[in-house]
Amino acid sequence: MTSQDKVPATPPTDPAGRPLPQFADPAPLAAHGPARVIALCNQKGGVGKTTTTINLAAALAGYGRRVLVVDFDPQGAASVGLGFSPHELDRTVYNLLMERNAVIGDVIRPTGVENVDLLPANIDLSAAEVQLVGEVARESILSRVLRPAEDLYDVILVDCQPSLGLLTVNALTAAHGVLIPLECEFFALRGVALLIETVEKVRDRLNPRLEVDGILATMYDPRTLHSREVIARVHEAFGDQLLHTVIGRTVKFPDSSVAAEPITTYAPNHPGALAYLQLARELVARGDAA
Ligand code: ADP
Ligand code: MG
């Protein structure tokens, strides 16, 4: 017996101090669809919505899931991040929202990532918010647009714009679940109560199936007391809605978006890539993704 044998192994914990489960690799799927629609929402900008959309899509695709990314922000960052330049897109989600006869299959583009397709957006979408106001069932238009694609994918990720306006309400009305990226910064929690209130209103009035899938802490820096305090506060306020997986702060994310690639292919062994793979496994284990 060596001295090492006597030291009990400390079980791994997450940054909130909870035991960290081992999330199994998702079982292969025999068939695809119908998709679960997940909206990535936070009315604050720069919290990691688009980064999470792209990298979670790539991670789920790496586990054999067919994923559609819906860029639902007029900034078009998800489209750019997946390799498309906004002004070259002749048809976008905007056309599908505004033209009753537009066909989603004509607008969806394959991306450089196997099993990830994109429904692109560009600045045209900024006009939709105003133009949709007068429409009948204006909150359910994205839901209607996505329906013909739902059988082709296992997961549809909707990258929302940083607001709680009509576009975001459309995303929430189309969704089964909401994933809330939250930057590990002071004031991060401000606004989350309002966001959850909006989710509850949409659930009551428009979309009874809608649930909060989880809160994902992003840009976490374990060296700062500050980051750890934010995690503790979020855990205190939201309990197990805080996911075990936490995304660390690293320049590899901006680097990989400059390269227009997910981190899972840009730097596959980087802790940031491993974190998004763990997020994919955690969501599948929670039943939030196929
Ligand atoms: P949002 O879509 O919420 O506005 P983004 O995903 O575009 O946020 O992220 C905002 C900026 O922060 C981008 O430049 C992105 O590359 C960077 N970023 C995102 N996640 C991280 C992270 N974990 N660490 C460091 N930088 C990040
Ligand atoms: Mg964004």
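When a residue number appears, it is its place in the shown sequence, counting from 1. Indexing begins at 1, ligand by ligand and atom by atom, following the structure's order. What you see below is based on every heavy atom in this structure, not just the backbone, and it leaves out hydrogens, waters and symmetry mates.
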Would you say G248 has any N or O atom under 3.5 Å from an N or O of ligand 1, going by distance alone? yes

Step-by-step ring-ring contact (aromatic ring centres under 6.0 Å, His included) determination, H32 to Y153: CA-CA 6 Å; H32 297 287; Y153 298 95; 9.2 Å; no

Check whether any heavy atom of G272 sits under 4.0 Å from an atom of ligand 1. no

Below 4.0 angstrom, N of the basic side chain to O of the carboxylate: do D240 and R18 qualify? yes

Would a line drawn from the ring center of Y276 to the ring center of F253 be shorter than 6.0 Å? yes

Nitrogen or oxygen of T50 less than 3.5 angstrom from that of ligand 1: yes

Per-atom contact, atom 14 (O) of ligand 1, protein heavy atoms, under 4.0 angstrom: no

Distance under 4.0 Å to a non-hydrogen atom of V47: what atoms of ligand 1 satisfy this? 1 (P), 3 (O), 8 (O)

So for P162, does at least one of its heavy atoms come nearer than 4.0 angstrom to any atom of ligand 1? no

Closer than 2.8 Å to the Mg ion (ligand 2), which protein N, O or S atoms? T50 OG1

Purely on distance, is any nitrogen or oxygen of I247 under 3.5 Å from one on ligand 1? no

Ignoring hydrogens and angles, state whether a donor on the side chain of S227 or D221 is under 3.5 Å from an acceptor on the partner side chain. no

Are any of the protein's heavy atoms under 4.0 angstrom from atom 19 (C) of ligand 1, yes or no? yes

Using distance alone, decide if ligand 1 has a nitrogen or oxygen within less than 3.5 Å of any nitrogen or oxygen in T250. yes

Within-cut-off N or O pair, K44 and ligand 1, under 3.5 Å: no

Does the residue G46 have a heavy-atom contact with ligand 1, meaning some pair of atoms that are separated by less than 4.0 Å? yes

Whether the S163 and Q43 side chains hold a donor-acceptor pair (N or O, under 3.5 Å, no angle test) is what I'd like checked. no

